[in-house]
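Side-chain atoms are counted along with the backbone in the values below, which use heavy atoms only and exclude waters and symmetry mates.
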There are 2 protein chains.
Amino acid sequence: MKTLIKEPLTRNAKNTFNMIIESAIDLFYKNGYHGTTVNNITQDAGIAAGTFYLYFPSKLSLYKHILIMFSHNIRKTIAANVSEKTSRYEKEREGIKSFIMLAKENPQMYNIIWESLYIDRALFKDYYESFANRYIRGLDQSVSNKEIREIDTEVVSYILMGITNFIGLKVVLNLGKNNDDIDHIVDVVMDLIKHGLFT
Amino acid sequence: MKTLIKEPLTRNAKNTFNMIIESAIDLFYKNGYHGTTVNNITQDAGIAAGTFYLYFPSKLSLYKHILIMFSHNIRKTIAANVSEKTSRYEKEREGIKSFIMLAKENPQMYNIIWESLYIDRALFKDYYESFANRYIRGLDQSVSNKEIREIDTEVVSYILMGITNFIGLKVVLNLGKNNDDIDHIVDVVMDLIKHGLFT
DNA sequence: TCATAAACTGAATGACCATTCATTTTATAT
DNA sequence: ATATAAAATGAATGGTCATTCAGTTTATGA
């Protein structure tokens with residue numbers, strides 16, 4: 001793969017580089033990848049069309065760069081918050097809550113990551129498989145600790161990612177009602193995970 | 001909204017109409033909506049480009065028509081299978097399994113529905129909100145029956161949709177391992193929903 | 001101050017693609 | 001057999017858009 005970006009060298013260039021990224025995040029979110037032209041991005045960033053290609057070899061490479069940024073960001077944020085908790089229950093609660101808060105604060109992130117399924121399927125698969133693998137490792141450890149019951153942790157990791165993602169979707173797109181009280185939503189999730197659904 | 005389609009009248013025309021839809025489903029799945037041209041579709045269907053516009057006023061209207069077809073199909077299939085079961089537990093199991101089997105057999109369905117988020121956000125919101133509303137109604141009834149604990153059924157409906165969708169995603173995209181034994185996967189889901197995750 | 005490299009410009013290019021329409025072919029009903 | 005409506009054709013149109021490039025401006029360091 002060709003290099004994704006050409007690093008800006010000077011202070012001014014770094015600034016231009018960042019403005020391109022910020023405009024792109026905003027426009028990809030609002031109008032989607034295909035609904036956003038390179039000229040839209042450069043106009044929004046207040047630069048000439050050609051300047052774009054000083055830093056990114058193509059529109060796709062910019063998209064990939066943004067995806068990788070988000071991916072790092074999510075992992076770092078969640079890992080930092082989760083590591084402060086000790087019990088598996090608290091770790092799980094914190095992981096779910098961190099993700100939903102992140103999604104709520106950066107709705108762009110959410111949309112852009114999912115869209116990768118329609119831009120570069122391999123990228124999407126990679127993203128979720130590596131996310132799942134980290135999850136599985138944590139769950140396996142908790143099974144050893146006897147904090148979690150003996151259960152297929154691979155399937156469980158997709159179950160938990162599914163819950164978190166759809167709750168995030170609900171909050172970000174404001175599906176249904178009551179999307180402001182994140183703590184209540186997380187409580188419901190934890191209640192179900194702890195006690196099950198049935199009487 | 002302009003009408004989505006112009007109904008074909010004769011036997012031959014119905015055939016042409018169906019070939020357009022089949023080719024489109026296949027190509028939208030393989031290359032995405034934006035990666036598929038109307039000429040791709042007509043070539044695959046073995047007809048002239050102009051013929052397309054006898055039945056669909058635009059590429060988007062074809063996409064919407066397909067989405068509505070799938071939506072009906074999913075609801076009808078799941079509703080039929082679920083109605084054969086009596087207990088909430090069995091209904092839930094059947095609903096999850098039916099969806100995953102459907103997704104496995106029609107991986108196109110899956111991809112095309114999610115892509116609506118990037119083609120027409122209102123369509124996507126509509127799809128999931130109305131799906132959730134049906135789910136909520138069923139859950140509320142089971143709460144009345146005392147088959148399900150007192151719990152926020154709206155949040156629960158998104159939790160369950162999230163689980164089903166991500167498990168479906170895993171199976172369809174073959175994420176991770178062990179994606180052939182659907183019964184085992186459904187067992188894990190039901191185990192978690194019944195007994196919770198923790199010791 | 002001057003030379004050099006880095007940044008930047010924006011009009012032009014060429015490929016792509018949804019949609020149209022004048023014309024032809026096919027099926028049907030009397 | 002003939003008239004009529006329906007179905008089908010496919011080249012042409014017009015607009016969009018990623019990308020290029022020849023030329024200009026700005027910053028830096030000796």
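Panel note: side chain B:Tyr135, backbone B:Ser157; no donor-acceptor pair is recorded below 3.5 Å.
Defined by atom type and a distance below 3.5 Å, a donor-acceptor pair is present between the side-chain atoms of A:Thr37 and A:Asn40.
Checked against side chain to side chain donor-acceptor pair (under 3.5 Å), B:Lys59 has no partners two or more places apart in sequence or in another chain. Looking at residues two or more places apart in sequence or on another chain, you find no salt bridge (Lys or Arg N to Asp or Glu O under 4.0 Å) involving B:Asp44. By the side chain to side chain contact (heavy atoms under 4.5 Å, CB included) test, B:Ser98 pairs with B:Ile78, B:Asn81, B:Glu94, sequence neighbours left out.
The nearest whole Å value for the distance from the CZ atom in A:Phe17 to the C1' atom in C:dC8 is 16 Å. Rounded to whole Å, atom P of C:dA5 lies 15 Å from atom NZ of A:Lys6. Atom CD1 of B:Ile20 is separated from atom C1' of D:dT9 by 13 Å (rounded to the nearest Å). Distance, B:Phe52 CZ to C:dC17 P: 15 Å, rounded to whole Å.
Taking the centre of each ring, B:Phe17 and B:His65 come in below the 6.0 Å mark.
No more than 12 heavy-atom neighbours from other residues, nucleotides or ligands sit within 6.0 angstrom of CD on B:Gln141.
Closest contact between the side chain of B:Ala48 and the listed nucleotides D:dT19, D:dG10, C:dG10 involves D:dG10. Relative to the side chain of B:Ser58, the nucleotides D:dT19, C:dT19, C:dT9 differ in distance, and C:dT19 lies closest.
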For a quick check, with a 4.0 angstrom heavy-atom cut-off, what is the B/S/- contact string for nucleotides 20-30 of chain C, read 5' to 3'?
BB-----S---
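Non-hydrogen atoms lying under 4.0 Å from DNA chain C are contributed by B:Thr36, B:Thr37, B:Val38, all within residues 35-44 of chain B.
Within 4.0 Å (heavy atoms only), A:Leu54 reaches at least one base atom of the nucleic acid. In this structure, B:Tyr55 reaches the sugar-phosphate backbone alone: every heavy-atom distance under 4.0 Å involves primed, P, OP1 or OP2 atoms, never a base.
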Distance-only criterion, 3.5 Å: show the donor-acceptor pairs between side-chain atoms of residues 25-35 of chain A and protein atoms not counting sequence neighbours.
unit_1, atom_1, unit_2, atom_2, d
A:Asp26, OD2, A:Lys30, NZ, 3.2
A:Tyr33, OH, A:Leu60, N, 3.3

